[in-house]
Every structure is written in C-alpha cells, then in structure tokens.
Amino acid sequence: MDDVLPVGFSSPVYDSASWVELRRRYAEWVEAHGYRYIETPVVEYTELFRRTAGETSDIVSKEMYTFEDAGGRSLSLRPEGSASVCRAVLEHGLAASGTGLKFYYVAPMFRAERPQRGRYRQHTQLGLEIFKETDPTADAEVIAVLHGFFRRIGLDQLTVHINSVGSPACRPAYRETLLAYLRTHADRLSEDSQRRLETNPMRVLDSKDPRDADIVAGAPVMIDHLDDECRAHFDGLQAALRAVGVPFTINPRLVRGLDYYAKTAFEVTCESLDGAIKVIGGGGRYDGLIEQLGGPATPAVGFGSGIERVLLALESQGIRLAEPRAPRAAVLYLDDSARTDAFALAMRLRAAGIETDYSYKPRGFSKQLQAAAKAGVRFAILVGGDEWARGEVVLKDLRERTQDALHPDALIPRLT
RNA sequence: GCGGGUGUAGCUCAGUUGGUUAGAGCACCGGAUUGUGGAUCCGGGGGUCGGGGGUUCAAGUCCCCUCAUCCGCCCCA
C-alpha cells in the first residue's frame, strides 16, 4: 500500500534525528519568548476555512481534502494553522481572558495539490500567533522570532521581505486604482494575470511571467496608498525591526495567498534553495479573522514555517542538526543459557536511563559483539560463563579496548 | 488542476529486435569463529518487475488507464 498523503519521506527530509532536534529547538526557542503550546484538531468544519481563507483563495477553491462525516456535515483536513488556532481561542474563551496571548504549534497541514520537492500533500508547520496586541512591536517580535530561530539553527543566506497590504479602510480604494491601471494594459498581460484581474488583482503584482514584468514595474503599490494608521504601523514595524537588528527588505509586491491579512505581510526566503520553495516561512497580521468567525474584534499576528523546507534549507547548506544516536551500551550473552539474564540486565540499565541494546534472538557471541561495534556502542556488558557464576559481569569498553569484571550493581556509575 | 521525465530486492541500478527459472553491488542473515571487534572468505533469505486492463503462442520489455515520484507551471510552507 502506498501512502495516501505522501509526506516526502525520501532523504534528506526524513532524517529522524534532525527532525526531532528541529522540533525540540523550536519549542525551546519560542517558549523562551513566552509562547505556549496549543494543540488543535487536524480536521475542522469546512465552513471555518471558507470563512477565513476566502472562498476564492486557491487553498479553499481547489486544495482542500474535504469529505462528509456520518451526519452529513462537511469536514476538511486543515490546510493552514491560523484559522484553527483562532477558532480554538474563540471557542474556549481565551480571547476574553487577558492580553499577551501567545501560542505556538507544530502541526501537520494538508493540501490536495501536485507533490514536488519541498511541497507535499501533508507537511508540518511550525507556527505561532500573538492575540490582542495591535502595536507594531508585536509584528516585529513575530518576524524576529522566526528569523532568530533560523539563525540559531545555523541557517545563512536569509532574506526577510516585508510589506503592508493595508487595511479594510484603505485597501478598497487602492484596489480600484490598481484595477484601473491594470485594465488599461489588460490585453498585454499573460493569461494567468488576466484571470487574476478578476479573482485577485493584487496577485498580478506577484506574477513571475516575464510578459507582465514591465506592466507590474509601473503599477501603483499599496505602500504608496496607505492611510495614516497603516502608514504609522508600517513605519513602527521597520523601526522595531531595526531596534532588534533584523535585516529586512521592503517588497511592495509581496502578496499573501489568504484573504485575511491586514497591514503586515512578510516572508523569509532562503537563497540557497530554488524557486518557490525558497519561501521557508511567512505570515502577517490578521486583525479581522476572529471577527469573521463571529467573535469580538481581536487583533492577531503570526507566522507559519514548513519543517520539510527548513530541513531542505539546512541540507543545502551542509548543516546537520543531529547525528543518528548510537546506543550507549549493549548487553551480550556468552551462551544461550544466559540470554534471559542478559535481557533482565538490559531492562535494568534502560530503566536507569541508559540506552542499551540486546539481541532478542539467539545469536553467537561473536556476532553480537560485531553488531554492537557496528552500531557504535561504547560499552559491552558480557553476561554468562565463569564470571556470571561468581555473580559478576564483564564490562568491556569498545573504544579503549579494555575490560574488567565487576558486580552488576556497580555498572550504572561506570556507564553514565 | 495543467505539461514533461521516471517506476525492477531494504538502497543504487542492469536486464538485448518481446523468448525458458529476472540479475549485480551495497545492506541483511548464517558459517568459517561451542568466550571477544566494524575486515576477509564462503553460503543464504529476500521480487505481486508500482497497480489494473489489453495485444501476443509468449510481456519487466509493446498499448491503454491508474497510482506514486521527480522537474516545470498555477499556488503555496
């Protein structure tokens, strides 16, 4: 049977040790910044994503795994994280419980699209969200935490792109200005961009089609049409990023795929990766999202970052977060009559926190020793024979090539 | 969702104009070695040839469909 939702299990992404280490380092990093873990369901009512991401967004219109439950209600596997977190925060009354609500998650996301390198039907996002804070230092914090995490795990060649996509107060007027401009050049736009003209005109600015390049270059951009509030917020964001030493570039044509963004939008790209998968993290502010769900007006800002792409980025720069673990010890039996005793001793050592190998099936002693050496085990403990009859085991240091006999109770201090 | 490349052992791959029982290297297991090292030598287990259908006396090989994977789009992390 094949995987229903391939998750990129080919190396280097499926490197168990690095995977675990990345998650551990992320949790440690964001906990130090005051974020708390939140777990939300993998499946939600389809309505949630329709109302938040937007009916016309690609994610909702063609990329969701949607099905009916036994009661005929439409469910979807979550395609992104923010909507679920907002729903949970709203449902459990957290939005009313104070300020400074900061959550993080590490969770699988699902999108029914054509898999490629760095793009999978199931991928895992590291994410976080701050609720109820409107100050641009909150936006700057989110960006700085993401950028800082990437730097901390050793990534280089990072670019932070920021933009403001305006607010419901100033975006509609800009949208009309942009639309008017684009329509005068509509006949020269690429087919894709002519389609975007109808669905999401701001997306034309993001076009990679060379035919659109000169038209896009002359197009009006949102940051020249911000109202006073959005302008002040964008200026405040830049000042805050400078204050914490996060380098950034303003990209007036940066547009995000979901409808719910307001003011800040950002992406972090890694220049050692190619094409679309350079984007290893992105996010922004979505002040209207909780209100769209029927809750109180609740400002929010956050990001999502795909673990698989981060691991590809690390790999492209020759960075390994962790080497595969080798067991510390192996308990070997000299003959089969000592096998059960060896098993019992291995379990004692494991209970004491020492990773210990043991061969479940009968094998010759020499084979056991070979296997231990090959696995990179440091200490072999020999059970059986004359020493065992005297109540002792042989402790063998495979690296130093030394050995001595001792009582089993004296093992643990020698192994730690 | 669109266009193209590739699917043979756990991994990397070979397999002739269609022809008998599908191979190699690495890995794994066993023996040489009834109590001491990753080597060496010898031996062994492993395959719905991605899946389904078709053409044929005969299909890993040809045709169709499908699934997966890789690359490029749309779009995204």
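By convention in this document, chain letters (A, B, ...) are assigned in the order of the sequence lines, proteins followed by strands, and residues within each chain are numbered from 1.
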- Sorted by number, residues from residues 188-195 of chain A placing a heavy atom under 4.0 Å from RNA chain B are A:D192, A:R195
- Note on the structure: Contact string for nucleotides 33-43 of chain B, one letter per nucleotide 5' to 3', B = base within protein heavy-atom range under 4.0 Å, S = sugar-phosphate only, - = neither, reads B-BBBB-----
- Message: Just the rounded figure in Å: distance from P of B:C75 to CZ of A:R309.
- Response: 14 Å
- Answer with yes or no after comparing the ring centroid distance for A:Y358 and A:F343 against a 6.0 Å cut-off, counting only values under it. yes
- Message: My understanding is that only residues two or more places apart in sequence, or in another chain, count here; which of them pass ring-ring contact (aromatic ring centres under 6.0 Å, His included) with A:F67?
- Response: none
- Task: Sort by first number and list every stem of RNA chain B: at least 3 consecutive Watson-Crick or G-U wobble pairs, both distances under 3.5 Å.
- Result: B:1-7 with B:67-73, B:10-13 with B:23-26, B:28-32 with B:40-44, B:50-54 with B:62-66
- Spell out, as yes or no, whether a donor-acceptor pair under 3.5 Å connects the side chain of A:N251 to the backbone of A:I162. no
- Message: For the C1' atoms, the ones on B:U61 and on B:U8, what distance do you get once it is rounded to whole angstrom?
- Response: 11 Å
- Message: Between A:R196 and B:C75, is there a contact of a side-chain N or O with OP1 or OP2 at under 4.0 Å?
- Response: yes
- Task: Can you tell me, in whole Å, how much space there is between the C1' of B:G1 and that of B:G45?
- Result: 45 Å
- Item | Where A:T40 and A:S84 come nearest, the two heavy atoms and their spacing | OG1-CB, 3.6 Å
- B:U55 and B:C62: how far apart are their C1' atoms, nearest whole angstrom? 8 Å
- Which residues, if any, of residues 354-364 of chain A bring a heavy atom under 4.0 Å of RNA chain B? A:K361, A:R363
Hey, can you pull the donor-acceptor pairs under 3.5 Å for the side chains in residues 138-148 of chain A, sequence neighbours left out?
{"unit_1": "A:D139", "atom_1": "OD1", "unit_2": "A:H233", "atom_2": "NE2", "d": "3.4"}
{"unit_1": "A:D139", "atom_1": "OD1", "unit_2": "A:R285", "atom_2": "NE", "d": "3.2"}
{"unit_1": "A:D139", "atom_1": "OD1", "unit_2": "A:R285", "atom_2": "NH2", "d": "2.7"}
{"unit_1": "A:D139", "atom_1": "OD2", "unit_2": "A:T264", "atom_2": "OG1", "d": "2.6"}
{"unit_1": "A:D139", "atom_1": "OD2", "unit_2": "A:R285", "atom_2": "NE", "d": "2.9"}
{"unit_1": "A:E141", "atom_1": "OE2", "unit_2": "A:Y35", "atom_2": "OH", "d": "2.5"}
{"unit_1": "A:E141", "atom_1": "OE2", "unit_2": "A:K102", "atom_2": "NZ", "d": "2.9"}

- Task: State, to 0.1 Å, how close A:V204 and A:L197 come at their nearest heavy-atom pair, and which atoms those are.
- Result: CG2-N, 4.2 Å
- Item | Test item: A:Y105 and A:Q125 side chains (from C-beta on) under 4.5 Å apart, heavy atoms | yes
- Message: Quick test of your reading: applying salt bridge (charged side-chain N to carboxylate O under 4.0 Å, His left out), list the pairs with at least one residue in residues 269-278 of chain A, sequence neighbours left out, ordered by first then second residue.
- Response: A:E271-A:K278
- Task: In whole angstrom, give me the gap between the C1' atoms of B:G35 and B:A14.
- Result: 44 Å
- Note on the structure: Atom NZ of A:K367 and atom P of B:C28 are separated, to the nearest Å, by 10 Å
- Note on the structure: For A:F303, the ring-ring contact (aromatic ring centres under 6.0 Å, His included) test, sequence neighbours excluded, returns none
- Separation of the C1' atoms in B:U20 and B:A59, to the nearest angstrom: 14 Å
- Between A:Q125 (CD) and B:A77 (P), how many Å, whole number? 6 Å
- Geometric class of the A:Y26/A:F149 ring pair [parallel <30°, tilted 30-60°, perpendicular >60°]: perpendicular
Please tabulate, for the side chains in residues 386-394 of chain A, all donor-acceptor contacts under 3.5 angstrom to protein atoms that are two or more places apart in sequence or on a different chain.
{"unit_1": "A:W388", "atom_1": "NE1", "unit_2": "A:D341", "atom_2": "OD2", "d": "3.0"}
{"unit_1": "A:R390", "atom_1": "NH2", "unit_2": "A:E392", "atom_2": "OE1", "d": "3.3"}

- Message: Under 4.0 Å, counting only non-hydrogen atoms across every strand here, what does A:E113 touch: a base, just sugar-phosphate, or nothing?
- Response: base
- Which residues pass the salt bridge (charged side-chain N to carboxylate O under 4.0 Å, His left out) test with A:D404, sequence neighbours left out? A:R414
- Expressed as a whole number of Å, how far does the C1' atom of B:C41 sit from that of B:G5? 43 Å
- Query: Which residue pairs pass the salt bridge (charged side-chain N to carboxylate O under 4.0 Å, His left out) test with at least one member in residues 16-27 of chain A, sequence neighbours excluded?
  - Reply: A:E21-A:R24, A:E21-A:R25, A:R24-A:E28
- Item | Whole angstrom value for the distance that separates C1' of B:C73 from CZ of A:R211 | 12 Å
- Item | A:L126 CG - B:A77 P separation (whole Å) | 13 Å
- Query: What distance, rounded to whole Å, do you find between the two P atoms, one in B:G46 and one in B:A22?
  - Reply: 13 Å
- Item | Rounded distance in Å - CG (A:L22) to C1' (B:A77) | 13 Å
- Task: Please work out if A:Q368 contacts a base, only the sugar-phosphate, or nothing of the nucleic acid, heavy-atom cut-off 4.0 Å.
- Result: nothing
- Task: For residues 155-166 of chain A, pull every pair meeting salt bridge (charged side-chain N to carboxylate O under 4.0 Å, His left out), keeping only residues two or more places apart or in separate chains.
- Result: A:R151-A:D156
- Expressed in angstrom and rounded to an integer, what is the separation of A:H161 atom NE2 from B:A77 atom P? 14 Å
- Task: May I ask you to say what A:G118 touches in the nucleic acid, namely base, sugar-phosphate or nothing, with a heavy-atom cut-off under 4.0 Å?
- Result: base
- Message: Distance check, C1' atoms only: B:U36 and B:A9, in whole angstrom units.
- Response: 34 Å
- d(NZ, A:K278; P, B:C75) in whole Å: 17 Å
- Task: Identify the two heavy atoms, one from A:R78 and one from A:P108, that lie closest to each other, and give their separation to 0.1 Å.
- Result: NE-O, 2.8 Å
- Message: For A:R256 and A:A371, find the nucleotide of RNA chain B closest to each by heavy atoms; which residue's nucleotide sits nearer the 5' end?
- Response: A:A371
